[in-house]
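Shown next, in structure tokens, is the structure this report addresses.
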Amino acid sequence: MTVPHPMTSAKYFRQALDELNNNNLKQLKTIHKHALDPIVLAHFCERMEDLFYKEALGLPDYTRLAYFNDMSVGGIVCRKRPSSQDGKLEIQILTLAVLEAYRNLGLGTKLVQNAIDQATADSAIAQITVYIPVESRALSLFERLGFAKSDQPVSGYFGSHEAWLLVKQV
Ligand SMILES: CC(C)(COP(=O)(O)OP(=O)(O)OC[C@H]1O[C@@H](n2cnc3c(N)ncnc32)[C@H](O)[C@@H]1OP(=O)(O)O)[C@@H](O)C(=O)NCCC(=O)NCCS
């Protein structure tokens with residue numbers, strides 16, 4: 001027997017993505033505090049908080065909040081930078097997080113799929129990359145969306161921790 005997800009057993013629910021702006025930035029910070037892997041939280045959101053959130057606000061097509069009904073419950077932060085491919089750019093996903101009670105509803109997939117759709121529509125973008133801690137359970141989500149994993153873990157990306165580099169050509 002299939003057990004319904006507690007958050008979708010209500011008769012009406014709405015899922016949506018929205019741009020990040022100065023009015024909802026605090027909501028993203030709260031989601032990060034509660035949902036991110038402590039390694040990622042320390043690396044981006046705490047170690048270089050001002051720069052990190054400034055960059056997040058600077059890429060509104062990609063950096064999004066995910067809503068369940070009218071509550072923000074997830075978010076993705078990306079940045080644009082030169083890629084290893086001549087003259088092209090890449091989108092790097094810095095953080096992806098959904099509050100625990102709202103996981104397995106497809107919101108994480110929606111956030112990453114939006115970045116893929118935006119990057120695919122822009123001929124200047126060659127690829128999307130993301131580093132995740134080796135023990136992260138997000139690996140299957142990215143692989144399902146067509147990201148390829150590095151052969152070997154990368155050392156030292158998150159301080160002393162090892163990470164997978166995942167790449168998707170667009
Ligand atoms: C990784 C993370 C963002 C995924 O968020 P999510 O909203 O649960 O993601 P989704 O619901 O799209 O997908 C999760 C799983 O639910 C399943 N799923 C997708 N849509 C579903 C739906 N409508 N109903 C039930 N299950 C669903 C998927 O099969 C997926 O499983 P898989 O990834 O093993 O293939 C979330 O687990 C999280 O915040 N983790 C902590 C932070 C983290 O690790 N971030 C990544 C590195 S920065």
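Numbering of ligands and ligand atoms starts at 1, following listing order. Quick caveat: nothing in here was measured; it's all calculated off a predicted structure. Basis for what follows: all heavy atoms, side chains included, without hydrogens, waters or symmetry-related copies. In what follows, residues are counted from 1 in the order of the sequence shown.
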Indicate yes or no: at least one non-hydrogen side-chain atom of Asp37 is less than 4.5 angstrom from one of His161.
no
Taking side-chain hydrogen bond (donor to acceptor under 3.5 Å, both in side chains) as the test, write out the residues that go with Tyr67, two or more places apart.
none
Listing, residues 142-152 side-chain donor-acceptor contacts under 3.5 Å, not counting sequence neighbours, or none:
| from | atom 1 | to | atom 2 | distance (Å) |
| --- | --- | --- | --- | --- |
| Arg144 | NH2 | Thr109 | OG1 | 3.4 |
| Ser150 | OG | Gln152 | O | 3.0 |
| Ser150 | OG | Leu165 | N | 3.2 |

Distance only, no hydrogens: is a donor on one side chain within 3.5 Å (strictly under) of an acceptor on the other, for Ser83 and Gln127?
no
Among all residues two or more places apart in sequence or in another chain, which pass the side-chain contact (heavy atoms from CB on, under 4.5 Å) test with Asn21?
Asn23, Asn24
Amino acids contacting ligand 1, non-hydrogen cut-off under 4.0 Å:
Ala35, Leu96, Ala97, Val98, Arg103, Asn104, Leu105, Gly106, Leu107, Gly108, Thr109, Ile132, Ser136, Ala138, Ser140, Leu141, Arg144
Tyr53 and His32: side chain donor to acceptor below 3.5 Å
yes
